[in-house]
There are 2 protein chains.
Amino acid sequence: MGQSKNRKHAVTQPPKRPLTLRDVSEASGVSEMTVSRVLRNRGDVSQTTRERVLRAAKRLGYVPNKIAGALASQRVNLVGVIIPSLSNMVFPDVMTGISQVLEDTELQPVVGVTDYIPEKEEKVLYEMLSWRPSGVIIAGIEHSDASRAMLEASGIPVVEIMDIDGQPVDCAVGISHRRAGRMMGQAIAEAGFRRIGFMGTKMPLDHRARKRFEGLTGALAKAGIEVADQEFYSGGSALAKGREMTAAMLDRTPDLDFLYYSNDMIAAGGLLYLLDKGIDIPNQIGLAGFNGVELLNGLPRQLATMDACRFEIGRKAAELVSQRLAAPDASIDKVIELFPTLSYGETLRRT
Amino acid sequence: MGQSKNRKHAVTQPPKRPLTLRDVSEASGVSEMTVSRVLRNRGDVSQTTRERVLRAAKRLGYVPNKIAGALASQRVNLVGVIIPSLSNMVFPDVMTGISQVLEDTELQPVVGVTDYIPEKEEKVLYEMLSWRPSGVIIAGIEHSDASRAMLEASGIPVVEIMDIDGQPVDCAVGISHRRAGRMMGQAIAEAGFRRIGFMGTKMPLDHRARKRFEGLTGALAKAGIEVADQEFYSGGSALAKGREMTAAMLDRTPDLDFLYYSNDMIAAGGLLYLLDKGIDIPNQIGLAGFNGVELLNGLPRQLATMDACRFEIGRKAAELVSQRLAAPDASIDKVIELFPTLSYGETLRRT
DNA sequence: CTGAAAGCGCTAACAC
DNA sequence: GTGTTAGCGCTTTCAG
């Protein structure tokens, strides 16, 4: 950690009053109302006055006050986006999808982060709603009663994203994580693996990882296979955790022939570890992760994974909000299920 | 990409009018003003009425309207945070630092993303300032004239972060990327490397990477060394890019004995590539990256890197904003320089 | 095409 | 302790 070296200087703020419409009005000799019209490109204003106003506004450096505007117009062009984490590799993609769509509209995303903590979700949601956004996009389909109540009472479009295994407050876009787990389980069984180990995040925090695990065990059970060993982690560098957990698990249960990880990052750690050990992948041990993160493209072996449609989920969610705002009474799809694709890569099919 | 299966349902919104203070006032039989006081924990209110109000508010599900509150009180407890990217591995850390500090205050961070595009920075800044935030934290120390003008005119605390090689609008917290590059150059020269290759992002977009490069070449020049080859990329999976660029560069300039990468992710790609090729690291080729990302802990070799003090920068920036808000006239440090530490890892010192 | 009046929902400042 | 009055800076609405 760096220490700090300081250069002392007195810094005093010029006690400037922020400019108002009135200032522009006076500077341009045009009524406030007309100035407002020019600045919003609304109604008909003669070319002459328009230019006069624009020039005055620019010269003064006027920046409109959205607080006042929003209060007067009863419209706030913000969409609250509530997600568990930013350092996740998955939500930046969702955000990109959302931003891309909203860029063509008046709407702007504002993000809140919950760290997977329900209490924090409640708080963030409350703060968000108190700004009276036009819509909310929120990750996950399980929320506290209080959160659901707030969302319902808000009277604005609410899109729950990522997961569709449950009952949405309003509407939902995502994949079925249960189904995703099942697909992976089937693929593993079909490939002939029999001794499966599972590694993932501590479940209570992450409903989607839990559902994938449930889907996996269900599908394996049908093939007469039980998960032979499992381990959960929280916090820390995922890549390093993947290594550690893999080492520990193989130490404990040496006869495993397949390892399923709840995310690609720990899977990558596991892969690197096994490669170091000189293990033959996938003939000796097969591997799979989840998410389809771009990172994987640079790994020594193409890792089996499943794309979570993150980007598409972001786009669709933003489209939904924007559509519902444009046509509040239109009939829409309450639940939009996206279907992830399974990439076998080089670690799931024996050669 | 998943296609979508849809369940049609008519979803109509109950045409609810959002609740106001007046509703709570009527429901509790207490004046609006007193309700307001209770909800903000301000002034003296008797225990009896306080409870009555709270009960009514909770029963109705009242969520205060911050738009109106902000307009009336002329205070907006938001701090605008403007950064180039979220998918970067570096800014989430900065955000964490900021959030941690702001959590103990009334202030809340609101982020805007510029994608390293000056025009977008201007737009984001304009939008941000139109909400009249209490302060701004903005990445980088180079901004367009228009952006600087807006920041100066805003009359609020502005903290420029990450980089201190330049003249801040108001104050700055960061490291000297020039110095960081220089340190790395010295270390490389001292370790006895002589044929240096550089790989990084396209410079015009990333001032900090450019400054590190300048520092590097300067230090190497003093040791009589020139950068023997260099290559720049933009976009794509950084890990894969690191592989590709490394392959291409060694193909072109096979006698390189050291590779310096402008970020850890491409460095990691290069490392994996070289290891695949069976190259002896660091005796045949040495390596270094930049950032000190956690990811590195799981790599097969501990990569040489330099910590950019991201977390600490976030903390300090938030503290600065919060302090200046508390004591606007206090004399403060205009520039706070943090000092990155160089980790030699296992790729920079020959054995 | 332009302007005047009336609030949006809340809080500061002052009475009681 | 509690209530009253007047705005915050803008937009809506309606008149010219």
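Keep in mind that the numbers below use all heavy atoms, side chains included, and drop hydrogens, waters and symmetry copies. Letters A, B, ... are given to chains in the order of the sequence lines, protein chains preceding strands, and every chain is numbered from 1. As the structure is a prediction and not an experimental result, all values here were calculated from the model.
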Short side-chain N/O contact from S31(A) to OP1 or OP2 of dG3(C), under 4.0 Å: yes
Give one of base, sugar-phosphate or nothing for R75(A), where a contact means two heavy atoms less than 4.0 Å apart. sugar-phosphate
Establish, with yes or no, whether the OP1 or OP2 oxygen of dG3(D) is under 4.0 angstrom from a side-chain nitrogen or oxygen of T34(B). yes
Using the side-chain heavy atoms of A72(B), tell me which of these nucleotides is nearest: dG9(C), dG3(C), dT11(D). dG9(C)
Separation of dC14(C) P from E32(B) CD (nearest whole Å): 21 Å
Phosphate OP1/OP2 of dG9(C) contacted by T20(B) side-chain N/O (<4.0 Å): no
Whole-Å gap separating P (dC8(D)) and CG (D23(A)): 13 Å
Return the nearest nucleotide to the side chain of S46(A); candidates are dT12(D), dG9(D), dC1(C). dC1(C)
In plain terms, say whether R148(B) and E142(B) are close enough for a salt bridge, that is, a side-chain N and a carboxylate O under 4.0 Å apart. no
Does Y62(A) or D44(B) map to a spot on DNA chain D nearer the 5' end, using the closest nucleotide for each? D44(B)
Output the rounded distance in Å from CG (L71(A)) to C1' (dG7(C)). 9 Å
Rounded interatomic separation in angstrom, taking CZ from R17(B) and P from dG9(C): 8 Å
note: M33(A), atom CE; dC10(D), atom C1'; distance rounded to Å ~ 9 Å
If I take atom NZ in residue K66(A) and atom P in nucleotide dG9(C), what distance separates them, rounded to the nearest angstrom? 20 Å
note: L21(B), atom CG; dC8(C), atom P; distance rounded to Å ~ 13 Å
Within the structure, does a side-chain N or O atom of T49(A) lie under 4.0 Å from either OP1 or OP2 of dT2(C)? yes
Q74(B) side chain N/O closer than 4.0 Å to the phosphate oxygens (OP1, OP2) of dC10(C)? no
Salt bridge K120(A)-D115(A), side-chain N to carboxylate O under 4.0 Å: yes
With no angle test and no hydrogens, is the base of dG3(D) tied to the side chain of R37(B) by a donor-acceptor pair under 3.5 Å? yes
For E106(A), look at atom CD and say whether over 12 heavy atoms of other residues, nucleotides or ligands are found less than 6.0 Å away. no
Figure out the CZ/C1' separation between R42(A) and dT12(D), and round it to whole Å. 10 Å
Contact class for R40(B) (heavy atom, under 4.0 Å): base, sugar-phosphate, or nothing? sugar-phosphate
Under 4.0 Å between a Lys/Arg side-chain N and an Asp/Glu carboxylate O for D170(A) and K334(A)? no
Are any of the side-chain nitrogens in R22(A) or E26(A) under 4.0 Å away from the carboxylate oxygens of its partner? yes
